[in-house]
Amino acid sequence: MSARVVILGGGVAGLEALLALHDLAGERAQLTLVSREPDFLYKPLLVEEPLGLEPAERHELAPLAAELGADFVNQAAAAVDPARHLVTLADGSELPYDKLVVCLGGRYRPALAHAHTFPSTEEPLDLERMLAGDDAKRIAFVVPPGVTWSLPLYELALMAQTRARALGSDSELTLITPEDAPLAAFGVAASAAVAEMLAARGIAIEAGAHAREEEGGGRLLLSPGQRRLEFDEVVALPVMEGPALPGLPADASGFIPIDPHTRVVGVDDVYAAGDGTDFPLKQGGLGTQQADAAAEHIAHGLGAAVSPEPFRPVLRGKLLTGDESLHMRSEIGGGGGEGEASPDCLWWPPHKISGRYLAPFLYRSEVGEPEPPAGSLDVEVQLPKEWHAEPMAIDVDGSPRVD
Ligand SMILES: Cc1cc2nc3c(=O)[nH]c(=O)nc-3n(C[C@H](O)[C@H](O)[C@H](O)COP(=O)(O)OP(=O)(O)OC[C@H]3O[C@@H](n4cnc5c(N)ncnc54)[C@H](O)[C@@H]3O)c2cc1C
């Protein structure tokens, strides 16, 4: 008989877990996907909305689950009873499980009361309007302390600068971040490349700075140094809290503690992946790697010929700039040196979330029917050691070729 494997959350980690379990556990698992929202939202492309570009893509979850032979329950999970192996849903009904994978993401909270919070469900950010007026604006882009995934803010600043140039606006853009250097998590090589890009674009950077609001928000107090800077508009990322699902352990901020195989600490048969876990860096690619580790461990436990690897974080980020994108890669668990940064693809398919199963599945119309690589590092594309003069393109089979 198949084991009942329930996945909570239809976001990045939930979908990757569903795809990986479908592949690795096969008939051994009867899969059920539970999601509060009926659609999967590709959050990385939300950054294009404030500049009047296409809305971020969505995929209906019900047909996607059906295609993988999984049941789909469009409801919120309200609690877990690990002793009875039951999930309580919002309508009060109970869903039994043999193995549970919790992928509920995080909850955003505005960090600066008077700033434009991005992303926000309240008032959509409208950078196009800010830049379009006759007056040049002083616009601050703020990474608040405690935010570990700052890339979207760099994208907003760079894309806003491209748009300002196109509109003939003399607006002054400043990026304020507690990071020691721009996008420091990606390592020295990427950080230097991003610093150079910001300088070339005339975007001022205040690194190593914590910003606080004063007098209604337009004035920011930067520490250390207690410097005051005035702005016409302030855009800030929100801070994140964990899902704090009743019945499961959580740290002080509601994040679920996991071990290297992504098992929830102290709870039998429950795994967690993605932004909702206590892993400090909240990023989609890392969420997929955690989901893969959970799927391998579950499939192995169900008797599949899979050797479960612990989660070894490799950060892959594609920075949208309003011009040529920058691909960055860093082995944040150690051993990867200074990391890499390149305008060329460093992984395949070269989309913003580098999930081993998710990316080929979502973009199968571009890459053909997905054949997931055997391991997460197999998604990578080797660049020639020598720098090349010509732009590169990538063959569908993953081998680089110089056009
Ligand atoms: C603007 C922006 C840009 C980004 N850019 C990138 C990028 O370039 N690359 C990258 O790798 N990452 C990027 N990220 C981060 C990435 O989107 C997240 O790390 C990723 O979505 C986390 O996946 P998750 O599955 O943990 O959570 P989510 O994707 O948030 O999914 C959570 C799911 O759980 C469901 N849910 C929540 N509560 C319940 C409940 N109680 N019951 C049932 N279902 C529930 C939600 O409906 C949702 O389906 C970006 C994020 C943002 C906001």
Side-chain angles (χ1 to χ4, degrees), residues 6-18 32-50 56 58-61 64-65 72-80 87-91 95 101-108 117-121 125 147-156 159 183 185-186 235 237-238 240-248 254-256 258 262 272-277 279 281-291 294 313-320 325-329 347 350-355 358-359:
V6 173
I7 299 160
L8 301 183
V12 170
L15 269 195
E16 177 80 10
L18 183 71
T32 300
L33 180 69
V34 177
S35 178
R36 192 181 52 195
E37 312 296 335
D39 297 329
F40 167 78
L41 169 64
Y42 198 81
K43 288 185 189 173
L45 295 182
L46 287 174
V47 290
E48 298 194 328
E49 294 181 359
R58 288 173 182 269
H59 301 259
E60 255 188 283
L61 288 168
L64 211 147
F72 178 60
V73 179
N74 187 191
Q75 273 207 57
V80 176
V87 176
T88 304
L89 299 174
D91 67 357
L95 189 62
V101 191
V102 182
C103 306
L104 296 179
R107 296 170 294 158
Y108 288 129
T117 297
F118 175 84
S120 159
T121 46
L125 173 65
V147 170
T148 56
W149 181 238
S150 57
L151 180 132
L153 203 79
Y154 287 81
E155 296 184 313
L156 285 182
M159 295 193 323
L183 292 178
F186 282 97
V235 177
L237 292 177
M240 192 185 276
E241 290 170 352
L245 189 64
L248 293 182
F255 294 106
I256 302 170
I258 53 170
T262 74
D275 286 1
T277 69
F279 189 75
L281 230 165
K282 311 296 179 191
Q283 195 244 10
L286 297 178
T288 66
Q289 293 163 33
Q290 291 169 344
V314 180
L315 195 57
R316 299 182 186 91
K318 177 175 177 174
L319 180 74
L320 303 181
S325 299
L326 184 70
H327 301 81
M328 301 165 294
R329 178 191 180 281
W347 59 90
H351 289 281
K352 280 181 71 62
I353 296 182
S354 65
L358 185 66

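Owing to the predicted nature of the structure, the values given are computational and were not obtained by experimental measurement. Numbering of ligands and ligand atoms starts at 1, following listing order. Only heavy atoms go into these numbers, but all of them, side chains included; no hydrogens, no water, no symmetry mates.
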Undergrad: Compare every heavy atom of Val80 with every heavy atom of Leu8, then report the nearest pair and how far apart it is.
TA: CD1-CG2, 4.4 Å

Undergrad: Considering the heavy atoms of Asp275, write down every atom of ligand 1 situated less than 4.0 Å from one of them.
TA: 18 (C), 19 (O), 20 (C), 22 (C), 26 (O)

Undergrad: Is the backbone of Gly242 close enough, under 3.5 Å, to the side chain of Arg107 for a donor and an acceptor to pair up by distance?
TA: yes

Undergrad: Considering the heavy atoms of Pro119, write down every atom of ligand 1 situated less than 4.0 Å from one of them.
TA: 53 (C)

Undergrad: Output the distance between atom OG (Ser35) and atom CZ (Phe72), rounded to the nearest 0.5 Å.
TA: 5.0 Å

Undergrad: Hey, which atoms in ligand 1 end up nearer than 4.0 Å to a heavy atom of Glu37?
TA: 47 (O)

Undergrad: Could you say whether the N/O atoms of Leu151 and ligand 1 ever approach to under 3.5 Å?
TA: no

Undergrad: For atom 34 (O) of ligand 1, what is the nearest protein heavy atom, given as residue, atom name and distance?
TA: Gly9 CA, 3.4 Å

Undergrad: Identify the heavy atoms of Phe118 and Leu237 that sit nearest to each other, and give their distance.
TA: O-CD2, 3.2 Å

Undergrad: Specify the protein heavy atom at minimum distance from atom 39 (C) of ligand 1: its residue, its atom name, and the distance to 0.1 Å.
TA: Leu104 CD2, 3.5 Å

Undergrad: Any idea which protein heavy atom is nearest atom 12 (N) of ligand 1, and the distance to it?
TA: Gly284 N, 3.0 Å

Undergrad: Would you mind listing which atoms of ligand 1 come within a distance below 4.0 Å of any non-hydrogen atom of Cys103?
TA: 32 (C), 33 (C), 34 (O)

Undergrad: When you measure from atom 43 (C) of ligand 1 to each heavy atom in Gln290, Lys43, Gln283, Arg36, which option holds the nearest one?
TA: Arg36

Undergrad: Should the pair His327 and Trp347 be assigned to parallel (<30°), tilted (30 to 60°) or perpendicular (>60°) ring geometry?
TA: perpendicular

Undergrad: What do you reckon, does Leu8 put a non-hydrogen atom under 4.0 Å from ligand 1?
TA: no

Undergrad: How about Leu319 and Met328: do any of their side-chain heavy atoms sit closer than 4.5 Å?
TA: yes

Undergrad: How far is atom 14 (N) of ligand 1 from its nearest protein heavy atom, and which residue and atom is that?
TA: Trp149 NE1, 3.2 Å

Undergrad: Below 4.0 Å from any atom of ligand 1, is there a heavy atom belonging to Ser35?
TA: yes

Undergrad: Specify the protein heavy atom at minimum distance from atom 31 (O) of ligand 1: its residue, its atom name, and the distance to 0.1 Å.
TA: Gly11 CA, 3.2 Å

Undergrad: Is there a polar contact between ligand 1 and Gly276, counting only N or O atoms under 3.5 Å apart?
TA: no

Undergrad: What atoms of ligand 1 come closer than 4.0 angstrom to any heavy atom of Gly274?
TA: 26 (O)

Undergrad: Which heavy-atom pair separates Ile256 from Ala272 by the least distance, and what is that distance?
TA: CG2-CB, 4.0 Å

Undergrad: Nearest protein heavy-atom contact for atom 25 (O) of ligand 1: which residue, which atom, what distance?
TA: Ala13 N, 2.8 Å

Undergrad: Gln75 heavy atoms, cut-off 4.0 Å: which ligand 1 atoms fall inside?
TA: 43 (C)

Undergrad: Does ligand 1 come near enough to Gly285 that some N or O of the ligand is less than 3.5 Å from an N or O of the residue?
TA: yes

Undergrad: Assess whether a salt bridge exists between Glu37 and Arg58, defined as any Lys/Arg side-chain N lying under 4.0 Å from an Asp/Glu carboxylate O.
TA: no

Undergrad: Out of Tyr108, Phe118, Phe40, whose heavy atom is nearest to atom 53 (C) of ligand 1?
TA: Tyr108

Undergrad: Can you find an N or O of Gly106 that's nearer than 3.5 Å to an N or O of ligand 1?
TA: no

Undergrad: Using a 3.5 Å distance criterion without hydrogens, assess whether the side chain of Glu155 forms a donor-acceptor pair with backbone atoms of Leu320.
TA: yes

Undergrad: Could you pull out the closest heavy-atom pair between Lys318 and His351, with the gap in Å?
TA: CD-C, 4.5 Å

Undergrad: According to side-chain hydrogen bond (donor to acceptor under 3.5 Å, both in side chains), who are the partners of Lys43, at least two apart in sequence or on a separate chain?
TA: none

Undergrad: Could you find the nearest protein heavy atom to atom 27 (O) of ligand 1 and give me its residue, atom name and distance?
TA: Gly105 CA, 3.3 Å

Undergrad: Say you draw a straight line from OG1 of Thr32 to CD1 of Ile7; how long is it, rounded to the nearest 0.5 Å?
TA: 8.5 Å

Undergrad: Starting at CH2 of Trp149, measure out to CG of Leu286 and round the result to the nearest 0.5 Å.
TA: 7.5 Å

Undergrad: May I ask you to identify, for Tyr42, whether its side chain, its backbone, both or neither come under 4.0 Å of ligand 1 on a heavy-atom basis?
TA: neither

Undergrad: Calculate, to the nearest 0.5 Å, the distance between atoms CG and CZ belonging to Leu33 and Phe40 respectively.
TA: 11.5 Å

Undergrad: Tell me: protein heavy atom nearest atom 9 (N) of ligand 1, and distance?
TA: Lys352 O, 3.2 Å

Undergrad: Taking 4.0 Å as the limit for heavy-atom contacts, which would you say applies to Pro152 with ligand 1: side chain only, backbone only, both, or neither?
TA: side chain

